[in-house]
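In what follows, a single structure is set out as structure tokens and then discussed.
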Amino acid sequence: MDIPAKYNPSLCEDKWYSYWLENKIFHSEPDEREPYSIVIPPPNVTGVLHMGHMMNNTIQDVLVRRARMLGKNACWVPGTDHASIATEAKVVARLKEKGIEKTSLTREQFLEEAWKWKEEHGGIILEQLKKLGASCDWDRTKFTMDPALSRAVINTFVYFYKKGLIYRGIRMVNWDPVGMTAVSDEEVIHKETKSKLYYLRYFISDGGKVGKDYIIIATTRPETIMADAAVCINPNDERYHYLRGKKIFIPLINKEIPIIEDDYVTMDFGTGCLKVTPAHDINDYEIGLRHHLPVLDIIDEHGRLNEKAQILVGEDRFVAREKIVKMLEEAGNLEKIEDYLSPVGHSERTDAVIEPRLSLQWFLKMEVLAQKALKSVEDGKVNLIPDRFTNTYRHWMETVRDWCISRQLWWGQQIPAYYLPNGEFVVEATLDEAFEAAKKIDPNVKKEDLKQDEDVLDTWFSSWLWPISVFDADKPGFPERKANRDLAYYFPTKDLITAPDILFFWVARMIMAADEFMGQEPFTNVYLTGIVRDKLGRKMSKTLGNSPDPLVLIAKYGADAVRIGMLLCSSAGNDVFYDESQVEQGRNFCNKIWNAFRLTRGWEVDENAKPSESAACAVKWFSAKLSKAINQMEDHFSKFRISDATMTIYKLFWDEFCAWYLEAVKPAFGEKIDKVTYTKTIEFFDSLLKLLHPFMPFITEELWQNMEEREKGATIMLQKLPKATEYSEEDITMFEEAAGCVANIRNMRQSKGISPKEKLDLFVKKPFVNSMKPIIEKLANVSKIEEVDAFDTSLQGVNFMVSTTEFFIPVKVDTAAEIAKVTAEIERYTKFLASVKAKLSNEKFVSHAPAQVVELEKKKESDATEKIKSLNELLQRLK
RNA sequence: GGGAGCAUAGCUCAGUUGGUUUAGAGCAUCUGCCUUACAAGCAGAGGGUCAUAGGUUCGACUCCUAUUGCUCCCACCA
């Protein structure tokens, strides 16, 4: 035998992946079969594979491969997301390393750099997915900034603008001073942050001069006092009624501002006095609107104080905070400082502290879109798995605010709004169309006078079209897509596998877009995977350095092992605690499969021999077991219980097929195996490999190809998954009884130090009806099974019971130990019997419980009574 | 502050309309085996008052209430 004893994944993974690619097995074209389509959640184009991707894509691959083997036309569309903020930040950083500032480049020059970066790094993550075995249709690989996809985005913008859902306005937005752009509410992460509450003295104006009296105002942001427009008190706060109509001075700059009254102020928080800074706080902005306060913006786009601040100009807001506190202290305006824990908004992408900032942005009205998207889920047209996410989904959809879709970046789809010299604008997909439209406003306008909006669109404004746009790429029209063959065939997709943290960012918005443009849901099931955490429960992250490199893992253990490791610990919606031992388990499993193959491969077949009795039994039993497992797996898959399905096939292969079946059919040393059993075994093995294939594509292909001579281009990938047949449950229970008997005998051998090689006699009390007796003989190494009415009391030996059948093996025993064991057994059963009897003597139980439950208890009673009786007899004999 | 979820063996989790469960699995642990497919293996064993306290019920891991601990989401008290 020339097969090595250990499976070496590196010898077959690349080989078979190339084979699949060469034979275009992942590629799908519409045909008469039922489609099964999945779109990949597009990873960031500049990203690298992390454990979350591994988990996510393994599950997708399992589903796709399974669908393919069920005879469906499976299509898994891969691609990447341009991720505007993240990518732009990386490009800016790279330029900086070269000593180039973004501001020194033109938009075109910058974009050239960005595309270069994309070409260099964009494919990395997809190449990594190939190592995992992902059976994506690579010919359909898309990028959210591909010309056709970008066109779709622009057309969508124009469409919503003309529908009146997109508007432009000055609003307080979440400003990311590092990314130098506005971000949407969803991109702001609130973190509990340790900060300080500063109590400042504001002196009351005495006829335009700084008076002697002061009030104390608590603030977390002393650096913004220069932008204060008023001090606000609650109208019901009698403590401050004396301030009505008075004015007050801002410390340091001595600017006089009014005292105003508003219900917004909480009397018992801080001092009950609130400094109102309309330009730098969303609430203050709203108070300002109510009281017509001036808005003074003293922080620039970098988060630094500008000249309007008068002091500390050019200082970063946090530096300014430190400095101004000192200045206030020196000036006698600082009362005290308290530690304070408060939620502070951070940018999802850059982690910068968000600065509320007034700016001119584009918004999409969400109310109606959200209502419809909520209905899709509530009506069950989209199933969230697990369904408890429906609650959070509903909450979000009911409280959603308008979506800020403009970003002050260059990397992305530029907003198709064109400004006329007079400040008016038109929204059209192209400059030519815009020119036509502009002429209607101003007949004298020249094309070159039109200036396109500088901003780009939020990345999610392109990814929400993903399940539509990936099929539409060869058609210029959007939303004119009726005639698109691929879209008509593959849309809607079936399942979406993604992480719960982008349920709102992405999933909800895809539902909105699909409803708007396709009039139906973009997918039926949304399977939300857990977040992969380390053993300590921390989220895997680059900064913590606790995320293993998936490629290193694959190199070390093999892709199949990594996949099994991920699958075994993945239950929907629950966080996943990753530990390398799971991958190790996967590797061991590969090895087990490999060695089972080596065994069958090494058998020599005797064409004329008849199957042994034990082999015949094993075949009968295993075919029943196989069918049962197939049914169980189908059930698990229908409920997205992927880890259970994995465990079902894992145990079927290892515990049933290897540990019992192969042992039962294995010919004695030096002997050949009969043809019938051999053929059956290979058939079973073939079925098992097919069932395993979606989980472990590489090793199964390798072994399947080696089982027999295959045609050119043949692959296990396209074989039909075995179907369950009618089977007898009795064959299974009979076998289990026999196996129980074998286990008892093995146990006895071990405790008595009897070698497995030593043949034993086995006596059993009549009647012993079991069709699997030969299994006992072979696997327990029993020379004969003799049925008797009563055991020979003159023989010393060991008794044991399986279910209610009594067995006896004559061997030398330690009588005292045996007595102790039996006594303990009797005690245990007596206790159990007592509890059953108590139940049965309870009239209420007998009258209320269903008949079959009562019957069951009665059976337990009689069984236990029986057992105690024979145990007592045994005890007598021992004595 | 509001909402959701979780708590079962050392670890990770099943337990699917409350009764075939005297609570299961995998891993880990321990014991014995280099048995001619596999020591990445084989054969066995031990290990849980199902977070706590009540309640409903003939019967509760399962349903209800409260408490404790953890996690996540949402939220403009300076």
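All heavy atoms count here, side chains included; hydrogens, waters and symmetry mates do not. Convention: sequence-line order gives letters A, B, ...; per-chain numbering from 1. Model, not experiment: these values are computed from the prediction.
Comparing B:G26 with B:C72, their P atoms sit 31 Å apart, to the nearest whole Å. Of the P atoms belonging to B:G48 and B:A25, the separation is 15 Å, rounded to the nearest Å. Comparing the C1' positions of B:A53 and B:C58 gives a spacing of 23 Å, expressed to the nearest Å. Across B:G69 and B:U52, the matching C1' atoms stand 11 Å from one another, rounded to whole Å. Distance noted for atom C1' between B:G15 and B:C63: 16 Å (whole Å). Rounded to whole Å, the C1' atom of B:A28 lies 13 Å from the corresponding atom of B:G46. With P as the reference atom, B:A45 and B:C61 are 26 Å apart, rounded to whole Å. Look at the C1' atom in both B:U8 and B:U49: the space between them is 12 Å, to the nearest Å.
Annotation: side chain of A:V526 is not in contact with side chain of A:N383 (no heavy-atom distance under 4.5 Å). Annotation: side chain of A:Y240 is not in contact with side chain of A:E261 (no heavy-atom distance under 4.5 Å).
Rounded to an integer number of Å, the gap from A:R388 CZ to B:U71 P is 16 Å. With rounding to whole Å, A:L341 atom CG is found 14 Å from B:C77 atom C1'. A:E736 places its CD atom 14 Å from the C1' atom of B:U20, with the value rounded to the nearest Å. In this structure, CG of A:N588 is placed 8 Å from P of B:A40, rounded to the nearest angstrom. B:A4 atom P lies 13 Å from atom CD of A:E398, rounded to whole Å. One atom, CZ of A:F389, and another, P of B:C72, lie 13 Å apart when rounded to the nearest Å. When the P atom of B:C42 is taken as reference, atom CG of A:N591 falls 10 Å away, rounded to whole Å. Regarding A:E584, its CD atom lies at a distance of 13 Å from the C1' atom of B:A39, rounded to whole Å.
Proximity of A:N747 to the phosphate of B:A45: a side-chain N or O atom is located under 4.0 Å from OP1 or OP2. Phosphate contact (OP1/OP2 of B:U22, side-chain N/O of A:K860, threshold under 4.0 Å): present. A sub-4.0 Å separation between OP1 or OP2 of B:C13 and a side-chain N or O of A:R641 is absent. Put simply, A:K666 has a side-chain N or O that comes within less than 4.0 Å of OP1 or OP2 on B:A37. Between B:C42 and A:K592, a contact under 4.0 Å exists linking OP1 or OP2 to a side-chain N or O. OP1 or OP2 of B:A78 sits under 4.0 Å from a side-chain N or O of A:Y340. Dashed line: the shortest gap from a side-chain N or O of A:R746 to OP1 or OP2 of B:G44 is under 4.0 Å. OP1 or OP2 of B:C42 has at least one side-chain nitrogen or oxygen of A:W654 nearer than 4.0 Å. In this structure, A:R587 does not reach the B:C38 phosphate: none of its side-chain N or O atoms is under 4.0 Å from OP1 or OP2. Distances shown here put every side-chain N or O of A:Y285 at or beyond 4.0 Å from the OP1 or OP2 atom of B:A78.
With B:U35, B:C27, B:C77 as the candidates, the nucleotide lying closest to the side chain of A:K757 is B:U35. Of the listed nucleotides (B:A78, B:C38, B:G26), B:A78 has the atom at the smallest distance from the side chain of A:Y264. Of the candidate nucleotides B:G19, B:A78, B:A43, B:A78 has the atom nearest to the side chain of A:V265. Among the nucleotides B:C58, B:C27, B:C38, the one closest to any side-chain atom of A:F845 is B:C58. Residue A:A218 has its side chain nearest to B:A78 when only B:A78, B:C74, B:A37 are considered. Here the side chain of A:N283 is nearest to one of B:A4, B:G26, B:C76, namely B:C76.
No N or O donor and acceptor, one from the side chain of A:T392 and one from the base of B:C73, sit under 3.5 Å apart. For A:E663 against B:A37, a side-chain-to-base donor-acceptor contact under 3.5 Å is present.
Across all strands, A:Q750 comes closer than 4.0 Å to base atoms (heavy-atom distances). When heavy atoms are screened at a 4.0 angstrom cut-off, A:T219 is found touching the sugar-phosphate backbone but no base atom. If you check every strand for non-hydrogen atoms under 4.0 Å, A:C232 touches nothing. A:V836 comes within 4.0 angstrom of nothing in the nucleic acid, heavy atoms only. At a threshold of 4.0 angstrom between heavy atoms, the contacts of A:P850 include nucleobase atoms, whether or not backbone atoms are also involved. Note on A:R394: nothing from the nucleic acid sits closer than 4.0 angstrom, heavy atoms only. Using a 4.0 Å heavy-atom cutoff across all strands shown, A:F597 reaches no nucleic acid atom at all. No contact: A:G558 has no heavy atom under 4.0 Å from any strand.
Remark: A:F504 engages A:W396 in a ring-ring contact (aromatic ring centres under 6.0 Å, His included) (not counting sequence neighbours).
In this structure B:A40 sits in no base pair that meets the Watson-Crick or G-U test at under 3.5 Å. In this structure, B:U56 forms no base pair with any nucleotide, since neither Watson-Crick nor G-U wobble geometry is met with both distances under 3.5 Å. Across every strand in view, B:U62 sits unpaired, with no contact that passes the Watson-Crick or G-U test at under 3.5 angstrom. As the counterpart of B:G10, B:C27 is assigned, both hydrogen-bonding distances of the Watson-Crick or G-U wobble pattern falling under 3.5 Å. With a cut-off of 3.5 Å on both pairing distances, B:C50 has no Watson-Crick or G-U wobble partner at all. Across every strand in view, B:U71 sits in a pair with B:A4 that passes the Watson-Crick or G-U test at under 3.5 angstrom.
B:C73 has no base stacking with the ring of A:W396 when judged by centroids under 5.5 angstrom apart and an interplanar angle below 30°.
In the model, A:K194 has no side-chain atom that pairs as donor or acceptor with a side-chain atom of A:S342 under 3.5 Å. No side-chain donor from either of A:D262 and A:N234 sits under 3.5 Å from a side-chain acceptor of the other.
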Could you walk me through whether A:I216 and A:K336 satisfy the side-chain contact (heavy atoms from CB on, under 4.5 Å) test, starting with their C-alpha distance in whole Å, then the side-chain angles of each, then the deciding distance to 0.1 Å, before giving a yes or no? CA-CA 10 Å; A:I216 297 168; A:K336 60 173 174 177; over 6 Å; no

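In terms of heavy-atom proximity, A:V231 sits nearest to A:I217 at CG2-CD1, 3.4 Å.
Listed for the A:S755 side chain is a donor-acceptor partner under 3.5 Å among the backbone atoms of A:K757.
Both A:A5 and A:I282 sit near RNA chain B, but only A:A5 has its closest nucleotide nearer the 5' end. Remark on RNA chain B: of its neighbouring residues A:D281 and A:D635, the 5'-side contact belongs to A:D635, judged by nearest-heavy-atom nucleotide.
When each of A:V276, A:L293, A:D284 is tested with A:C232 by the rule side-chain contact (heavy atoms from CB on, under 4.5 Å), just one qualifies, namely A:V276.
Atom CD of A:E730 has 12 or fewer neighbouring heavy atoms from other residues, nucleotides or ligands inside a 6.0 Å radius.
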